[in-house]
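Heads up: the structure comes next, in structure tokens.
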Amino acid sequence: MAEKSFKYIILGGGVSAGYAAKEFASQGVKPGELAVISKEAVAPYERPALSKGYLFPEGAARLPGFHCCVGSGGEKLLPESYKQKGIELILSTEIVKADLAAKSLVSAAGDVFKYETLIIATGSTVLRLTDFGVKGADSKNILYLREIDDADKVVEAIQAKKGGKAVVVGGGYIGLELSAALRINNFDVTMVFPEPWCMPRLFTADIAAFYETYYTNKGVKIIKGTVASGFTAHPNGEVNEVQLKDGRSLEADIVIVGVGARPLTALFKGQVEEDKGGIKTDAFFKTSVPDVYAVGDVATFPLKMYGDMRRVEHVDHSRKSAEQAVKAIKAAEGGGAVEEYDYLPFFYSRSFDLSWQFYGDNVGDSVLFGDSNPSNPKPRFGAYWVQDGKVVGAFMEGGSGDENKALAKVAKARPAAESLEDLTKQGISFAAKI
């Protein structure tokens, strides 16, 4: 058993880990002071590529093309880049025990890693149907998507079952993006989800109706209001049928499941204060334990503009929270401070020829504006959410760069709205005036 000591350890290998490492490097970390410990076999990368470009039938994205931090226009940190910056990149290493009081981490191989300051960037893991005891859910070709190994299995299945039948379980981000990717790969695709419309955590019924019709026009079949209750398999163990709770059954060569995720906090249970399913932090991502920070998916932090505590699962927050934590750590070492994290919630997605962005909060009344006809070659429409007479959220499909910036501005400013009818009439020009 080896023992190593570092001034700083970043635990995790996803987006937050990459952006935290980049910020340490830009702040001038000394050689040997920082280690990044990841259970994955590759250096931190931009996860959104996995459900988009990685699955394209032609010109697919591959590493090293999307290592952090290209997603925000920053420097691409290749494995050798870490070494050049004096950062020790420790890959294929799963930490199985964390003792925050002793400031030590223990790997599955028994190696011990000591630290002075720890950044928890462990992210989330997918919810699996086997966790819920769904019959046959362990069959081959029932796939999930979180890490690059998962994406490689999806690519392998797409190539092995060319032009076959795919069932996508779930109607959220992964469900929508993977259904599009499979259809582009010429699969017969059926999407199944229990909710009354897709992406219910964000979309209104009107917004969802556009995407559901667009997907249907592209050849994706959509079944709502039921769930996968079991699977049957061929003698070789590969899935061949999905049973639905409503009694129907669907042939399937591939099943991809996207039914949510949970933050990876089990290592720290009982050692650190938690809130809303994550590790509770302040506006600098400090936890209740001295010298321990938590960023990205695992952090429940003060969302300043709304005055409450939230946990946000999105790449934008993963990047920004990581940078904020490192800036706070380095500022404190110099006797200074940084401004509190003042995050504007931001979500986006791309599928087929579509591209949408959302800023702010989707609470209160909502209004739709623009051309939301899914049969049009270039649909361009949006929505505002209004609460207590103020615009608190803004969404747009097919917006330009300037229009999306205007959406962000309006969601941050939360201006008064005269009426819902007026907002509908003004459309994007309302945001452009702010």
Side-chain angles (χ1 to χ4, degrees), residues 42 45-66 71 126 128-129 137 139-193 198-199 210-224 228 231 233-234 236-242 244 249-259 315 348-356 374-375 377-379 397-398:
V42 297
Y45 55 90
E46 305 280 1
R47 289 202 196 281
L50 299 183
S51 59
K52 301 176 181 69
Y54 205 82
L55 304 179
F56 286 174
E58 293 174 13
R62 289 291 181 267
L63 290 177
F66 57 95
V126 294
R128 296 177 179 271
L129 296 182
S139 302
K140 292 175 188 173
N141 288 339
I142 297 179
L143 306 168
Y144 299 81
L145 187 64
R146 175 69 190 177
E147 299 176 353
I148 201 157
D149 284 353
D150 301 323
D152 285 338
K153 287 174 187 170
V154 173
V155 169
E156 189 182 326
I158 286 172
Q159 290 169 349
K161 303 295 180 181
K162 275 190 185 350
K165 294 180 185 295
V167 174
V168 176
V169 178
Y173 262 112
I174 291 296
L176 287 166
E177 293 187 354
L178 268 291
S179 292
L182 288 163
R183 195 70 199 99
I184 290 166
N185 278 279
N186 205 32
F187 271 73
D188 178 318
V189 181
T190 303
M191 183 162 53
V192 179
F193 51 90
C198 68
M199 202 81 172
F210 164 83
Y211 290 98
E212 289 175 10
T213 306
Y214 187 98
Y215 271 56
T216 300
N217 291 347
K218 288 285 189 181
V220 176
K221 293 182 278 295
I222 297 174
I223 298 175
K224 300 184 274 189
F231 302 88
H234 291 290
N236 66 0
E238 291 182 355
V239 68
N240 71 346
E241 197 174 69
V242 183
L244 304 183
S249 60
L250 305 170
E251 286 181 50
D253 299 301
I254 299 176
V255 175
I256 299 186
V257 181
V259 293
V315 64
Y348 72 90
S349 184
R350 293 188 298 275
S351 57
F352 290 119
D353 295 323
L354 303 174
S355 175
W356 60 258
S375 299
K378 288 195 174 179
E397 166 62 50

Item checked: Heavy-atom side-chain proximity of Y144 to L129 below 4.5 angstrom -> yes
Item checked: Atom of A233, atom of N240 and distance for their closest heavy-atom approach -> N-OD1, 3.5 Å
Margin query: To the nearest 0.5 Å, what is the distance between CG on L178 and CG on L55?
Written below: 6.0 Å
Next item on the list: Give the minimum heavy-atom separation between F210 and P374, together with the two atoms involved.
Entry: CE1-CA, 3.4 Å
Show me the donor-acceptor pairs, under 3.5 Å and distance only, between side chains in residues 155-175 and residues at least two apart or in other chains.
from: K161; atom 1: NZ; to: E238; atom 2: OE1; distance (Å): 2.6
from: Y173; atom 1: OH; to: Y348; atom 2: N; distance (Å): 3.4
from: Y173; atom 1: OH; to: Y348; atom 2: O; distance (Å): 3.3

Margin query: Applying side-chain contact (heavy atoms from CB on, under 4.5 Å), can you list everything that pairs with S355, at least two apart in sequence or on another chain?
Written below: R350
Margin query: When you compare the side chain of L50 with that of I148, does any pair of heavy atoms fall below 4.5 Å?
Written below: yes
Next item on the list: Would you check if L176 and Y215 make a side-chain contact, meaning some heavy-atom pair closer than 4.5 Å?
Entry: yes
Check: Out of curiosity, L182 CG to D188 CG, how far, rounded to the nearest 0.5 Å?
Finding: 10.5 Å
Next item on the list: Quick one: closest heavy-atom pair of M191 and F193, and the distance?
Entry: CG-CD2, 4.0 Å
Item checked: Basic-acidic side-chain contact under 4.0 Å: D353, K378 -> no
Next item on the list: Name all residues meeting the side-chain hydrogen bond (donor to acceptor under 3.5 Å, both in side chains) criterion together with Y214; count only those two or more places apart in sequence or in a different chain, and write none if there are none.
Entry: none
Note to self: Let me confirm one number: the OH-OH distance from Y54 to Y45, rounded to the nearest 0.5 Å.
What the structure shows: 8.5 Å
Next item on the list: Assess R183 against F352: is NZ or CZ under 6.0 Å from the centre of the six-membered ring, and within 45 degrees of the ring's axis?
Entry: no
Checklist line | Non-hydrogen side-chain atoms of E397 and L354 separated by less than 4.5 Å | finding: yes
Next item on the list: Report the distance from atom CG of L143 to atom CG of D152, rounding to the nearest 0.5 Å.
Entry: 11.5 Å
Notebook entry, point to check: Is F231 close to E241 at the side-chain level, that is, under 4.5 Å between some pair of heavy atoms?
Noted result: no
Next item on the list: Kindly indicate whether the side chain of L250, heavy atoms from C-beta on, has any atom under 4.5 Å from the side chain of V192.
Entry: yes
Notebook entry, point to check: Hey, what do you get for CD1 (I184) to NZ (K52), rounding to the nearest 0.5 Å?
Noted result: 12.0 Å
Checklist line | Criterion side chain to side chain contact (heavy atoms under 4.5 Å, CB included) on V315 and E46, from CA distance to verdict | finding: CA-CA 8 Å; V315 64; E46 305 280 1; 4.2 Å; yes
Next item on the list: Find the distance between OG (S179) and OH (Y211) and round it off to the nearest 0.5 Å.
Entry: 14.5 Å
